[in-house]
Trainee: 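Quick one: this structure, given as structure tokens, is what I'll be asking you about.
All values below were derived from every heavy atom in this structure, side-chain atoms included, with hydrogens, water molecules and symmetry-related copies excluded. In what follows, every chain begins at residue 1, and chains take the letters A, B, ... in the order their sequences are listed.
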Amino acid sequence: MNWNTLLFGVFPYIALTLAVVVTAYRMAYRPFSVSAQSSQLLEQKRLFYGSIAMHWGLVLVLLGHLLALLIPKGLLLWNAVPLRLYLLEITGLGLGLWALVGTWVLLTRRLSVARVRAASTSMDYLVLVVILVSALSGVLTALLYRFGSYWFPAVMTPYLWSIFTLQPRPELIADLPFWTQLHVFNFWVFLAVFPFSRLVHIITVPLGYVLRPWQIVIWVRKLAR
Amino acid sequence: MKVRTHMSMLFHLDKCIGCHTCSIACKNLWTDRKGAEYMWWNNVETRPGAGYPTGWEDQDRFKGGWEYKDGHLDLRLHSRTQGLFRLFFNPALPSIDDYYDPYTFRYSDLFTSPEGEDQPTAVPVSMITGEVMTPTSGPNWDDDLGGSPLYAQNDPNLKGLDPEVRAQLSEIEGVVFQYLPRICNHCLNPGCVAACPTGAIYKRAEDGVVLVNENKCKAWRMCVAACPYKKVYYNWATGKSEKCILCFPRLETGQAPACAHSCVGRIRYMGVLLYDADRIPEAAMVPDDQLVESQLGIILDPFDPEVIAAAKAEGIDDGWIKAAQNSPIYKFVKVWRLAFPLHPEYRTLAMMFYVPPLSPVVSTLEKALRASQGKEGLVRLDIPETDLDFEVYESLERARMPVKYLANLFTAGNESLVVPALKKMLAVRILKRQESLEGGVTEKALRVLQDAGLTLEEAEAIYRLTTLPTLEERFVLPPYHREMAAEVWKDPLAHKGETGFGYIQPPLRGE
């Protein structure tokens, strides 16, 4: 087994297993530990610039990746017209840069604001570093190896599906440039860190709020029956 | 009619001496923990004053409570969709500096400092960072600072006051203040519950206590902003919101909440109210000046056979109905009309009630007299001692604590509700003073009672419950029958020893 197989053929399964099993355990048996761990109470101004940029940048870029994974043909058809390709690439790059700057702001904030530092654990720093590496390697890939949205459906979509369908083809990653390999590997690291960190709050996004009634009243005694 | 029961507290402000014993009892019991150092589930404010957190009543900034516009009742904070878009940053959230940087003193310095010429001192250190700091604010930083330009004059409740009266409030020898103890109001239409995107906050139907489910809370912290009273706090160490739990573990074991039980001035009363849950929305959707009336409208008469039948149909047991009939809260709020909710204009239908305080009248009369005569120095009212009480009664509106101010606090600015309450309280006082001065009920005192709309029996009852109540009369606690709810837990033995507010697992941040 070579390094490539280990990092891109075996490690993804370790990461995915951890992400699914540990997250399920934590949600079911350690619910008190699941929290977004907001530090807005302790510092507001830098959080405003950092948090909004990082969150929205990442959410939108991830949605883009998801689209490329689910409808690669649609993406290629969209890119058939150069203008549309440029539009997509510039938007993606812009969002990636936004997320990168936001993450940088958050990391420096966490290191330099005494109150936030006091409330931080090493996992908080690790999470930010992982995200920073992800945003940085992603932006570099987009800048250096154009055009990502053009070759993603040909390389990454088959690779990711090969992992998800339990027929891993790590050789697809072997010849990619360093920054792209780092970006892919870092994603699996992200998944491995996910269940052990505050990142679990991602799956608790409260979309149900849109539908629920304003008030919640509970009969403690009727619950028991 | 959907009858529900509510545990309510009443604060008799005329008796509050501002000693903060309640705050300390609460702090020792519930919030003496990491991340909770800055929280005061119970706090006492000097009024006029800025309060805690500073300026909490400024809803243009903190966006608490509900807004009634064009027949709609909406959270001032956000619509549901807006709420989701503000998860990453919530602009209305107060920062720790709006409360204060919690501090302690490094007492070890007293023992470990090297030998020297001077007495060693314990330096203040931040309880968040542990660094040496200089405290510049605290939960009662403006204690007793009535009239201060920095605090008292920024009180939003002073709006609508006659500029002359307002100026007098800060004059030397004219300064006046009262105390305002505050806990969570356990509202009927709580803003915190409505604002929580996860749905982690709920109201208990049995007794109306509003609680945060710490297992569900995900730190979106909308509740902190949406509560107009700023009585939900965010624990920065555990990443969960916390609030006053009305000492429900104490209530369930037949004890009054710690703040009430420890009250030195015995200003606090606890009791059951019956209310009609079906009519909550309509009670919250009336113009400002009718809000108190509409809220009192959905509090039901526990002696009414129809109400009793409806309550039983809802599964409310006899013990609770009996407690509602003996409830001191019901008497003060509904029967005597002496108590009001705090800031009804927030439309959360607060269920803790306040009896407004009386304040000196003679000094303002003498001051006016002095001004009219153009004299300097002391001018006394030329009235015999025996008539002074009645003169005061006639001029109650000119009491040193402006009626408009009290109305802004307790009746959304409606003075016509506050004045009758003050008159009743003063009439009772006059009656009792006449009794001890003249040896019995006098004709004059009866006339005052009649003017205040009280019978002799009512006046006697108000007097007794105000000044001479026993512990059992102040705290009429219903039987909770926890033994019947024991089945809530799958295995009672597994949870033995866990009543109270503790962590089932250690609160490690972001574990």
Side-chain angles (χ1 to χ4, degrees), chain A residues 26 29-45 47-56 59 113-124 127 196-201 204-225, chain B residues 4 35 75 80-81 83-84 87-91 93-96 99 101 126 128-131 189-190 193-194 196-199 201-206 214-221 224 234 236-240 277 280 315 481 484-489 503-505 507-511:
Chain A
R26 197 168 157 190
Y29 297 105
R30 312 280 288 182
F32 180 73
S33 74
V34 180
S35 161
Q37 301 285 0
S38 163
S39 55
Q40 198 192 332
L41 179 78
L42 302 174
E43 198 282 336
Q44 301 230 9
K45 204 171 167 193
L47 185 78
F48 171 78
Y49 291 106
S51 175
I52 291 180
M54 183 202 71
H55 279 98
W56 282 116
V59 166
V113 179
R115 284 172 181 170
V116 182
R117 201 172 55 236
S120 301
T121 62
S122 38
M123 194 50 109
D124 292 336
V127 161
F196 300 102
S197 68
R198 63 201 293 189
L199 289 171
V200 275
H201 80 270
T204 66
V205 172
L207 296 176
Y209 186 48
V210 180
L211 298 172
R212 84 162 168 85
W214 284 124
Q215 299 300 347
I216 300 173
V217 174
I218 292 179
W219 288 89
V220 180
R221 229 160 272 168
K222 282 180 190 168
L223 261 188
R225 269 156 219 161
Chain B
R4 281 199 206 133
L75 275 183
R80 287 180 177 86
T81 332
L84 291 186
L87 290 178
F88 308 142
F89 186 85
N90 177 355
L93 189 78
S95 83
I96 190 83
Y99 302 88
D101 193 340
S126 164
I128 299 176
T129 61
E131 287 166 11
N189 185 31
V193 175
C196 177
T198 321
I201 315 183
Y202 61 99
K203 190 173 182 68
R204 298 212 300 193
E206 279 89 351
E214 298 265 307
N215 280 343
K216 273 191 175 179
C217 174
K218 298 286 183 291
W220 307 126
R221 72 227 170 266
V224 180
Y234 178 72
W236 55 264
T238 59
K240 304 276 167 170
I280 292 172
H481 292 304
M484 315 241 277
E487 66 271 32
V488 173
W489 310 108
Y503 295 110
I504 292 166
Q505 63 189 71
L508 290 175
R509 183 182 159 83
E511 99 186 81

Trainee: Where does L207(A) contact chain B at under 4.5 Å (heavy atoms): side chain, backbone, both or neither?
Mentor: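 L207(A) touches chain B through backbone and side-chain heavy atoms alike.
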Trainee: Honestly, is R115(A) close enough over W236(B), meaning NZ or CZ under 6.0 Å from the six-membered ring centre and within 45° of the axis?
Mentor: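 R115(A) over W236(B) ring: no.
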Trainee: As an exercise: rank A277(B), P190(B), G83(B), S126(B) by heavy-atom pairs under 4.5 Å with chain A and give me the winner.
Mentor: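 Sorted descending by pairs with chain A, the first entry is P190(B).
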Trainee: Can you tell me how far CG of L75(B) sits from CH2 of W214(A), rounded to the nearest 0.5 angstrom?
Mentor: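 The distance works out to 4.5 Å.
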Trainee: Return the option, out of I280(B), D101(B), I96(B), with the maximum number of heavy-atom pairs under 4.5 Å with chain A.
Mentor: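 Highest number of heavy-atom pairs under 4.5 Å: I96(B).
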Trainee: Can you name the nearest heavy-atom pair linking G199(B) to R212(A), along with the distance?
Mentor: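 Taking every non-hydrogen atom into account, CA-NE, 3.8 Å.
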Trainee: So which residue, G130(B), C196(B), P197(B), P91(B), ends up with the most heavy-atom pairs under 4.5 Å with chain A?
Mentor: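 Maximum pair count with chain A is reached by P197(B).
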Trainee: Using only atom types and a distance under 3.5 Å, with no angle test, would you say the side chain of Q44(A) pairs donor to acceptor with the backbone of L93(B)?
Mentor: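 A pair under 3.5 Å: yes.
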Trainee: Any heavy-atom pair between the side chains of F89(B) and L47(A) that's under 4.5 Å?
Mentor: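 SC-SC contact between L47(A) and F89(B) confirmed.
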Trainee: Going by distance alone, is a donor N or O of one side chain under 3.5 Å from an acceptor N or O of the other, for R221(B) and S38(A)?
Mentor: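 Yes, side-chain donor-acceptor contact under 3.5 Å.
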Trainee: When the ring planes of H55(A) and F88(B) are compared, do they come out parallel, tilted or perpendicular, using 30° and 60° as the limits?
Mentor: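 Parallel: the ring planes of H55(A) and F88(B) meet at under 30°.
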Trainee: Does any backbone or side-chain atom of I128(B) lie under 4.5 Å from a heavy atom of chain A? Answer side chain, backbone, both or neither.
Mentor: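 Interface part for I128(B): both.
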Trainee: Could you tell me whether the side chain of Q40(A) and the main chain of N90(B) form a donor-acceptor pair under 3.5 Å?
Mentor: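 Here the side-chain-to-backbone pair exists.
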Trainee: Listed by chain and number, what are the ring pair (Phe, Tyr, Trp, His ring centres under 6.0 Å) partners of Y49(A), not counting sequence neighbours?
Mentor: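 Result, ring pair (Phe, Tyr, Trp, His ring centres under 6.0 Å) vs Y49(A): none returned.
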Trainee: Could you tell me if the side chain of T238(B) sits less than 4.5 Å from the side chain of F32(A), heavy atoms only?
Mentor: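 Yes. Closest side-chain heavy atoms under 4.5 Å.
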Trainee: Could you tell me the separation between the OG atom of S35(A) and the CG atom of N215(B), rounded to the nearest 0.5 Å?
Mentor: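 If we round to the nearest 0.5 Å, S35(A):OG and N215(B):CG are 11.5 Å apart.
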Trainee: Return the option, out of V210(A), T204(A), L41(A), with the maximum number of heavy-atom pairs under 4.5 Å with chain B.
Mentor: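 Max contact count across the listed options: L41(A).
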Trainee: T81(B): what forms a side chain to side chain contact (heavy atoms under 4.5 Å, CB included) with it, not counting sequence neighbours?
Mentor: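 Here the qualifying residues are S79(B), F85(B).
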Trainee: Any chance you could measure R204(B), atom CZ, to I218(A), atom CD1, to the nearest 0.5 Å?
Mentor: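 CD1 of I218(A) is found 10.5 Å from CZ of R204(B).
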Trainee: To the closest 0.5 Å, what do you measure between CH2 (W219(A)) and CZ (R4(B))?
Mentor: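 Answer rounded to 0.5 Å: 6.5 Å.
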Trainee: Quick one: are V34(A) and K218(B) in side-chain contact, heavy atoms under 4.5 Å?
Mentor: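 V34(A) vs K218(B): side chains touch.
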Trainee: State, yes or no, whether a side-chain contact exists between L84(B) and Y209(A) at a heavy-atom distance under 4.5 Å.
Mentor: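 Answer yes - side chains close enough.
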